[in-house]
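Below you'll find the structure, written out as structure tokens, and then a few comments.
FYI, side chains are in, hydrogens and waters are out, and symmetry mates aren't considered; it's all heavy atoms of this structure.
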Amino acid sequence: MIDEIRQDLEPYGATLVAVSKTKSNEQIMSLYDEGQRIFGENRVQELTSKYEALPKDIKWHLIGHLQKNKVKYIAPFVSMIHSVDSMELAQVIDAQAHKHQRSIDVLMQVKIAQEETKYGIAQDDLIPMLKSCQAMNNITVRGLMGMASFTEDEAQVRSEFDSLKVLFGQCQQEISNDTVVFD
């Protein structure tokens with residue numbers, strides 16, 4: 001099953017991240033035995049617990065909101081953080097990665113939803129923030145992430161993701177070095 005999904009994603013250059021939140025170690029190992037090696041968790045405590053208990057070749061992604069004071073717990077091992085929503089958080093990740101002599105891949109979470117409850121960098125602040133990130137040595141910005149509004153209005157959701165795609169194109173044109181890589 002995993003191989004079929006990867007084949008379906010291949011034309012898009014997409015990576016399969018199995019969201020393992022609320023799943024048992026046994027359930028995760030079932031996918032692991034099928035060849036899946038990238039798993040996503042949305043809570044730091046659950047992520048660290050699973051990291052300790054499961055094979056060390058798993059690439060762990062933090063896919064939920066991350067508080068600055070919790071970065072230290074995942075910095076030694078996390079492969080990617082999908083939810084960098086402020087300059088302060090980027091700086092903490094960079095500092096913690098430096099302490100562990102490694103680099104951490106991140107996605108910048110942009111606020112595309114019209115809901116007040118969603119986190120993210122304001123669209124107008126994104127490029128200046130990315131330019132500031134170019135001076136950081138221990139994070140690599142790999143792309144953007146956005147959470148659309150929770151609505152059944154498909155046109156609104158499509159419009160929000162279209163705005164993220166436009167921003168991504170602007171970032172590709174304006175910013176590119178070893179720290180900010182939009183490929």
Any donor-acceptor pair under 3.5 Å from [X] side chain to [Y] backbone:
{"X": "Q109", "Y": "Y119", "result": "yes"}
{"X": "S49", "Y": "Q45", "result": "no"}
{"X": "Q36", "Y": "I38", "result": "yes"}
{"X": "N42", "Y": "I63", "result": "no"}

Tell me, please, which residues at least two apart from [X] pass salt bridge (Lys or Arg N to Asp or Glu O under 4.0 Å).
{"X": "E34", "value": "none"}
{"X": "D57", "value": "R37"}
{"X": "R6", "value": "D3"}

Could you tell me which residues satisfy side-chain contact (heavy atoms from CB on, under 4.5 Å) with [X], sequence neighbours excluded, listed by chain and number?
{"X": "M80", "answer": "H61, H82, D105, L107, R142"}
{"X": "D125", "answer": "I121, A122"}
{"X": "S86", "answer": "E88, L89"}

Please give me the minimum heavy-atom distance between [X] and [Y], naming the atom from each residue.
{"X": "F168", "Y": "G143", "value": "CE1-CA, 4.4 Å"}
{"X": "A148", "Y": "K118", "value": "O-CE, 3.2 Å"}
{"X": "L164", "Y": "G146", "value": "CD2-N, 3.6 Å"}

Cluster overlap V166 with M147, hydrophobic side-chain contacts below 4.5 Å = no

Are I112 and M145 co-members of a hydrophobic cluster defined by side-chain heavy atoms under 4.5 Å apart?
-> no

Which residue pairs pass the ring-ring contact (aromatic ring centres under 6.0 Å, His included) test when at least one of the two sits in residues 84-103, sequence neighbours left out?
-> none

What distance do Q114 atom CD and D153 atom CG have between them, rounded to the nearest 0.5 Å?
->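 Nearest 0.5 Å value for the CD-CG distance: 9.0 Å.
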
Interatomic spacing from CG in L126 to CD1 in I175 - rounded to 0.5 Å = 7.0 Å

Under the side chain to side chain donor-acceptor pair (under 3.5 Å) rule, what pairs show up with a residue in residues 158-170, not counting sequence neighbours?
->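 Every side chain to side chain donor-acceptor pair (under 3.5 Å) pair that includes a residue of residues 158-170, provided the two are not neighbours, is S149-E160, Q156-E160.
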
Name every donor-acceptor pair, under 3.5 Å, that has one atom in a side chain of residues 70-78 and the other anywhere in the protein, sequence neighbours excluded.
none

Could you pull out all residues at least two apart from D85 that satisfy side-chain hydrogen bond (donor to acceptor under 3.5 Å, both in side chains)?
-> H65

Those residues at least two apart in sequence (or on a different chain) that pass side-chain hydrogen bond (donor to acceptor under 3.5 Å, both in side chains) with Y51 are none

Taking C-beta and beyond as the side chain, do [X] and [Y] meet within less than 4.5 Å on heavy atoms?
{"X": "F39", "Y": "L54", "result": "no"}
{"X": "C171", "Y": "I127", "result": "yes"}
{"X": "Y32", "Y": "P55", "result": "yes"}
{"X": "E174", "Y": "K131", "result": "yes"}

Counting only heavy atoms not in D33, do more than 12 fall under 6.0 Å of its CG?
->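 More than 12 within 6.0 Å, yes.
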
For residues 14-26, dump all side-chain donor-acceptor pairs below 3.5 Å to protein atoms at least two apart in sequence or in another chain.
from: S20; atom 1: OG; to: G40; atom 2: O; distance (Å): 3.3
from: S20; atom 1: OG; to: E41; atom 2: OE2; distance (Å): 2.6
from: S24; atom 1: OG; to: E26; atom 2: N; distance (Å): 3.4
from: S24; atom 1: OG; to: E26; atom 2: OE1; distance (Å): 3.4
from: S24; atom 1: OG; to: Q27; atom 2: N; distance (Å): 3.1
from: S24; atom 1: OG; to: Q27; atom 2: OE1; distance (Å): 3.3

